[in-house]
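Take a look at the structure set out below.
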Number of protein chains: 2
Amino acid sequence: MTAQEKKRYHHGDLRRVILDTAMTMLAEPAGVNFTLRAVARRAGVSHSAPYKHFEDKAALLTEMALVGFDQLTAALDNSVQVAPEGFRSKFFAAAAAYIDFARQNPSLYRLMFGGEFGTISAHLDPRALKTFDFAVKLIEQGQQEGQVRERPLKGQATACWAQIHGLTMLELNSLLQPEKVGENVIEQAIVALHEGLNI
Amino acid sequence: MTAQEKKRYHHGDLRRVILDTAMTMLAEPAGVNFTLRAVARRAGVSHSAPYKHFEDKAALLTEMALVGFDQLTAALDNSVQVAPEGFRSKFFAAAAAYIDFARQNPSLYRLMFGGEFGTISAHLDPRALKTFDFAVKLIEQGQQEGQVRERPLKGQATACWAQIHGLTMLELNSLLQPEKVGENVIEQAIVALHEGLNI
DNA sequence: ACGCACAAGTTGACACTGTCTACATGGAGG
DNA sequence: CCTCCATGTAGACAGTGTCAACTTGTGCGT
């Protein structure tokens, strides 16, 4: 774990290094078309070293998407812990945190939901489903507080996710510009969504 | 326009042929990673012929996305014309037509909203905005019929589009499987959306 | 303490891609 | 009829994902 260990022939941490490097490159402007060889170069290893840790480029991308879901879930969890008590407060906090995450990691968010690669299968992974579970639990708590009408839990959670995800996508694609679509569309939409859940 | 005109050195229709061929290949299974050279091969021209009609591969993809928006708008227009009178009827018809389009052209739909390439700019193209205009007009008609509460028109239209788009994405990514999420989630979500608009 | 199997690296090759430049063709307009 | 120029072709180039063959050196059982 010392500094010079990086020079070891087997530095034992290459998988993590490659993953981190790839995440970094994805986050850079125009990092969408990042290349496997470029990742290896920046990581300081040969161009085929990544194949010892990831079967495919698709496998790396899938893992990256899953890391993205981990981070998103963590951001959501954190937002509701920080937010004041009450369903309404936590609901708006979570929605804001979700969209913020996408705004700050647009390429990653697109990778997570793009489905261009093996990514589609990633959505059925437990790590991705955790994000869905978060929504379910939040709605459930709202029902227990009497703030959300009693309907099939998963249906409501799905509707919520769909709405927020749709908004996020439109936002990422610059379709929610105020001059085109009016001010605070996002806020309005979330308010409407909340009203829809409300008793 | 006769059959043998295809053999002309300049057959004068290459742009359309290339576009059609590319659309066909995109529609095929695993056509997501379709290649420019493969399009040229199938079109029976040299590998660099497409460059006389499209500056880039990105330019071709952008044009394909715009064609997708044309088709989607046409499908929506048709659905409301066929549907019985009344806002509710037309609203549900349009929602169903939208999701159907995506289900039948998943790769195209992803291309339209993926934003991986120059596609993002395509969303600001008039041809893409027509789809948005459709939603606006539909809601407007609902308001005139007294079926939709009076709120900022574009805000409501955006919320609708976001919801449907979000649902569509989840559906395309196989996240709406009945055993995971309950039966008829889509219908429920659309009903909820309609209720949200309703007075 | 020793030697060795095997995981973890490297190098080099292959087919293929997007794109550029130079050249060929032939249809339309003076 | 001739010639210009849009439209096509051929070939080259750097760069990519992936594979196979080779090297290295670490952890294990004896």
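Numbered from 1 within each chain, the chains take letters A, B, ... in sequence-line order.
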- Query: Is there a residue in residues 46-55 of chain A whose heavy atoms reach under 4.0 Å of DNA chain D, and which residues are they?
  - Reply: His47(A), Ser48(A), Tyr51(A)
- Provide the full list of salt bridge (Lys or Arg N to Asp or Glu O under 4.0 Å) pairs with a residue in residues 162-176 of chain B, sequence neighbours left out, each pair given once. Arg103(B)-Glu171(B)
- Measure the distance from CZ on Phe34(A) to C1' on dT16(D) and round it to the nearest whole Å. 13 Å
Could you give the side-chain donor-acceptor pairs of residues 20-27 of chain B under 3.5 Å, partners two or more places apart or in another chain?
{"from": "Thr21(B)", "atom 1": "OG1", "to": "Val17(B)", "atom 2": "O", "distance (Å)": "2.6"}
{"from": "Thr24(B)", "atom 1": "OG1", "to": "Asp20(B)", "atom 2": "O", "distance (Å)": "2.9"}

- Message: Rounded to whole Å, please give me the gap between CG in Leu36(A) and P in dC19(D).
- Response: 12 Å
- Derivation of the side-chain contact (heavy atoms from CB on, under 4.5 Å) call for Phe101(A) and Leu108(A): CA-CA 10 Å; Phe101(A) 174 84; Leu108(A) 176 58; 4.0 Å; yes
- Message: Under a 3.5 Å cutoff, is there a donor and acceptor pairing between the side chains of Glu140(B) and Gln144(B)?
- Response: no
- Query: When the ring planes of Phe113(A) and His165(A) are compared, do they come out parallel, tilted or perpendicular, using 30° and 60° as the limits?
  - Reply: tilted
- Message: How many whole angstroms separate atom CG of Leu60(A) from atom C1' of dG17(D)?
- Response: 13 Å
- Item | Lys/Arg cation over aromatic Phe132(B): Lys154(B), 6.0 Å, 45° cone | no
- Note on the structure: Rounded to whole Å, the CD1-P distance (Ile18(B) to dT7(D)) equals 12 Å
- Hey, does the side chain of Asp125(A) reach the backbone of Arg127(A) with a donor-acceptor pair shorter than 3.5 angstrom? yes
- Measure the angle between the two terminal helix axes of the helix from dA1(C)-dT30(D) to dG30(C)-dC1(D), five base pairs each, and quote it to 10°. 10°
- Would you kindly give the CE-to-C1' distance between Met25(B) and dT17(C), to the nearest whole Å? 13 Å
- Query: What do you reckon, is CD of Gln177(B) surrounded by more than 12 foreign heavy atoms closer than 6.0 Å?
  - Reply: yes
Is there any protein nitrogen or oxygen under 3.5 Å from a nitrogen or oxygen in nucleotides 13-15 of chain D, and what are the pairs?
none

- Which of parallel (below 30°), tilted (30 to 60°) and perpendicular (above 60°) describes Phe91(B) and His194(B)? tilted
Under 3.5 Å, which donor-acceptor pairs link side chains of residues 71-88 of chain B to any protein atom two or more places apart or in another chain?
{"from": "Thr73(B)", "atom 1": "OG1", "to": "Phe69(B)", "atom 2": "O", "distance (Å)": "2.8"}
{"from": "Thr73(B)", "atom 1": "OG1", "to": "Thr131(B)", "atom 2": "OG1", "distance (Å)": "2.9"}
{"from": "Ser79(B)", "atom 1": "OG", "to": "Leu76(B)", "atom 2": "O", "distance (Å)": "2.7"}

- Step-by-step side-chain contact (heavy atoms from CB on, under 4.5 Å) determination, Gln188(B) to Arg151(A): CA-CA 10 Å; Gln188(B) 284 178 34; Arg151(A) 289 238 182 130; over 6 Å; no
